[in-house]
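Position 1 is the first residue of the sequence; numbering continues from there.
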Amino acid sequence: MILVVGSLGQDVVPERATTAAMVTRPRPDVYKGWASPKLFTPIAQSKADPKPLTVKDVFAARTVKEGKVTLRLTATDLGADCPGAAWGQLADRLAQSGCTQVARGFYTSADGRYVAMYALFNLRDAASADGLVQGMTTAYRGGWVKAPQSGKAVFPSGGYTEGSGYAMGHYAGLAWVGRADGAEPGPRDDFVALTLAVRGAEKAVFRRVVAADPAS
């Protein structure tokens with residue numbers, strides 16, 4: 001089976017949230033979610049994939065690359081308190097989704113220009129994962145993932161960042177990327193490549209599809 005992490009759609013037009021919708025906690029300025037493809041049908045139910053996630057499974061690579069982008073993994077976190085790894089509306093939705101695990105990884109570029117994060121949630125079923133990533137299309141303005149502690153590198157509060165969500169069977173992944181200084185992307189900044197780099201963590205989910213259905 002070929003490991004394919006896919007790509008971001010090109011129809012996303014970043015736009016600032018209205019002043020009334022701005023919150024003090026860091027969260028994306030733009031977000032889009034994708035429902036689970038048929039490829040992940042073998043793991044549509046968590047009972048078909050009972051083996052717990054580990055940090056080694058999800059964040060095996062200490063360095064991830066995509067095009068000219070190179071990111072280093074600087075912090076990881078794995079726990080069972082899914083709502084505790086989020087705030088606002090996302091925390092509320094996770095409390096209702098049968099989430100048993102959340103694995104988070106924080107990345108920085110070698111030059112300190114970029115920060116990025118990937119969070120993988122182990123949910124009840126594909127319906128829960130689809131509902132989460134698609135529901136965040138509007139809910140992201142009022143809730144998002146908390147980044148794991150990574151020294152001095154943080155997502156700047158009030159800075160410009162972009163988020164995206166991916167349902168994969170009973171898993172939901174959230175990617176979050178931005179410049180460390182909070183500035184909007186310029187000609188040198190490839191946020192699509194940043195997102196694809198951190199989505200390398202999804203290889204762990206593809207391996208579980210093969211384990212559940214070797215013929216897939």
Side-chain angles (χ1 to χ4, degrees), residues 8 12 17 20-36 46 52-55 57-59 71 73-108 115-151 153-178 180 182 191 194-195 198-202 204-205:
L8 285 173
V12 178
M22 292 294 287
V23 293
T24 57
R25 304 193 77 155
R27 55 103 177 107
D29 286 69
V30 62
Y31 169 88
K32 187 170 183 180
W34 281 265
S36 184
S46 58
L53 294 171
T54 68
V55 169
D57 289 337
V58 185
F59 301 113
L71 297 174
L73 184 67
T74 59
T76 59
D77 180 80
L78 175 68
D81 182 8
C82 298
W87 60 271
Q89 292 189 44
L90 178 57
D92 295 339
R93 289 169 183 267
L94 287 168
Q96 301 171 12
S97 65
C99 186
T100 58
Q101 290 183 290
V102 54
R104 294 175 291 168
F106 192 91
Y107 300 83
T108 59
V115 289
M117 190 195 76
Y118 190 87
L120 184 63
F121 297 93
N122 189 345
L123 307 180
R124 180 188 303 114
D125 50 30
S128 299
D130 285 344
L132 183 72
V133 301
Q134 293 182 321
M136 290 305 294
T137 300
T138 55
Y140 77 93
R141 291 184 174 90
W144 191 243
V145 186
K146 297 176 184 176
Q149 296 297 317
S150 179
V154 297
F155 280 94
S157 180
Y160 180 88
T161 59
E162 297 182 8
S164 50
Y166 312 89
M168 299 162 287
H170 68 96
Y171 294 98
L174 295 179
W176 190 15
V177 301
F191 278 18
L194 283 170
T195 300
V198 297
R199 289 187 66 198
E202 294 171 4
V205 182

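- Under the 6.0 Å cut-off for aromatic ring centres, Phe59 and Phe106 do not qualify, their centroids lying 6.0 Å or more apart.
- One side chain, Tyr118 or Glu202, offers a donor N or O that lies under 3.5 Å from an acceptor on the other.
- To the nearest 0.5 angstrom, Leu174 atom CG is 11.5 Å from Arg104 atom CZ.
- In plain terms, the two heavy atoms of Val102 and Asp81 that are nearest each other are CG1-O, 4.2 Å.
- Taking 4.5 Å as the limit, some side-chain heavy atom of Leu123 sits within range of a side-chain heavy atom of Leu94.
- Of the possible donor and acceptor atoms, none in the side chain of Lys146 sits under 3.5 Å from a partner among the backbone N and O of Trp87.
- Proximity of a side-chain donor or acceptor of Thr76 to a complementary backbone N or O of Gly105 within less than 3.5 Å is not detected.
- Nearest heavy atoms, Asp29 versus Tyr140: O-OH, 3.3 Å.
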Check: Please walk me through it: do Ser46 and Thr100 pass side-chain contact (heavy atoms from CB on, under 4.5 Å)?
Finding: CA-CA 10 Å; Ser46 58; Thr100 58; over 6 Å; no
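- The minimum heavy-atom distance between Ala147 and Phe155, with the atom names listed, is CB-CD1, 4.2 Å.
- The nearest pair of heavy atoms linking Pro83 to Ala91 is O-CB, 3.6 Å.
- Across all their heavy atoms, Val115 and Ala180 have their closest contact at CG1-CB, 4.2 Å.
- Screening Tyr31, Trp34, Tyr166, Phe121 for a side-chain contact (heavy atoms from CB on, under 4.5 Å) with Val133, the sole residue that qualifies is Tyr31.
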Next item on the list: Let me see the working for Tyr171 and Asn122 under side-chain contact (heavy atoms from CB on, under 4.5 Å), right down to the final yes or no.
Entry: CA-CA 5 Å; Tyr171 294 98; Asn122 189 345; 3.8 Å; yes
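- How far CZ of Arg93 is from SG of Cys82: 15.5 Å, rounded to the nearest 0.5 Å.
- Atom-to-atom distance recorded for Met136:CE and Trp144:CH2 is 5.5 Å, nearest 0.5 angstrom.
- No donor-acceptor pair closer than 3.5 Å links the side chain of His170 to the backbone N or O of Arg124.
- Going from atom CD of Gln89 over to atom CZ of Arg141 covers 10.5 Å, rounded to the nearest 0.5 Å.
- Summarising the geometry, atom CD belonging to Glu162 is positioned 12.5 Å from atom NZ belonging to Lys32; distances are rounded to the nearest 0.5 Å.
- When all heavy atoms are compared, the tightest approach of Pro28 to Gly163 is CB-N, 3.5 Å.
- Annotation: the span from Leu71 atom CG to Met117 atom CE amounts to 13.5 Å, rounded to 0.5 Å.
- The closest side-chain heavy-atom distance from Pro26 to Thr161 is not below 4.5 Å.
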Notebook entry, point to check: Between Val58 and Val205, does a side-chain contact (heavy atoms from CB on, under 4.5 Å) hold up when you go through it step by step?
Noted result: CA-CA 8 Å; Val58 185; Val205 182; over 6 Å; no
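- Between Leu120 and Met168 there is a side-chain heavy-atom pair separated by less than 4.5 Å.
- Within the 4.5 Å cutoff, no side-chain heavy atoms of Asp77 are placed close to those of Val55.
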